[in-house]
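Data first, discussion second: the structure below is written as structure tokens.
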Amino acid sequence: VQLVESGGGLVQAGGSLRLSCAASGMIFSINTMAWYRQASGKQRELVARITSGGSTVYAGSVHGRFTISRDNAKNTVYLQMSSLKPEDTAVYYCNVYGGGYSWGQGTQVTVSS
């Protein structure tokens, strides 16, 4: 299984970014997919998840600002991030919910104040 994240970058507070994660080597459509993030010196945390049917759950810290979506035809999961805050700065990763596969390289998101 390979998970390749992209779309990160440097953005000012209040800005937006859209992350993408392309998955291969797995039956993407049946899995609950998730986005995680790890800030420097902190543990990795779950940001959002989406079931095969499109139901979503968000961490309280991002609810109302982030939107997770998926395209099963493209084996890709997305994270639209709006109203970004400096505390959103982290490396963002995707994986199946529960983190069952090897982690990709992640994509760095840096939010300046």
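Predicted model only: the values in this text are computed from it and were never measured. One-based numbering along the sequence shown.
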query = Between Met81 and Val11, is there a shared hydrophobic cluster once you connect ILVMFWY residues whose side-chain heavy atoms come closer than 4.5 Å?
reply = yes
request  = Could you walk me through whether Phe66 and Gln80 pass side-chain contact (heavy atoms from CB on, under 4.5 Å), step by step?
outcome  = CA-CA 6 Å; Phe66 290 11; Gln80 177 67 48; over 6 Å; no
remark   = When Ile50, Val47, Ile68, Leu46 are each screened for side-chain contact (heavy atoms from CB on, under 4.5 Å) with Tyr58, the one that passes is Ile68
inquiry  = Would the distance check show the side chain of Gln38 and the main-chain N or O of Ala90 forming a donor-acceptor pair, the cut-off being under 3.5 Å?
reply    = no
message = Closer than 3.5 angstrom, by distance alone: can the side chain of Thr107 be matched with the main-chain N or O of Gly8 as a donor-acceptor pair?
response = yes
Candidate pair Ser82 and Ser16, rule side-chain contact (heavy atoms from CB on, under 4.5 Å), full reasoning = CA-CA 4 Å; Ser82 302; Ser16 300; 3.6 Å; yes
query = Can Tyr36 and Arg44 be counted as having a side-chain donor-acceptor contact under 3.5 angstrom?
reply = no
key: Cluster overlap Val111 with Leu19, hydrophobic side-chain contacts below 4.5 Å   = yes
Gln2 vs Met26, side-chain contact (heavy atoms from CB on, under 4.5 Å): CA-CA, chis, key distance, verdict = CA-CA 8 Å; Gln2 188 174 23; Met26 59 184 284; over 6 Å; no
task = Return yes if some donor-acceptor pair links the side-chain N/O of Thr76 with the main-chain N/O of Lys74 below 3.5 Å, else return no.
result = yes
task = Taking the side chain as every heavy atom from C-beta outward, state whether Leu79 and Val77 have any atom pair closer than 4.5 Å.
result = no
key: Stepwise side-chain contact (heavy atoms from CB on, under 4.5 Å) test for Val109 and Leu17   = CA-CA 9 Å; Val109 172; Leu17 283 173; 3.9 Å; yes
key: Cluster overlap Trp35 with Phe28, hydrophobic side-chain contacts below 4.5 Å   = yes
query = When clusters are formed by joining ILVMFWY residues with side-chain heavy atoms under 4.5 Å apart, either directly or through shared neighbours, do Trp103 and Val91 land in the same one?
reply = yes
request  = Decide whether a cation-pi geometry holds between Arg70 and Tyr78; the criteria are a distance under 6.0 Å from NZ or CZ to the six-membered ring centre and an angle within 45° of the ring axis.
outcome  = no
key: Check: Tyr97 and Met33 side chains under 4.5 Å, non-hydrogen atoms   = no
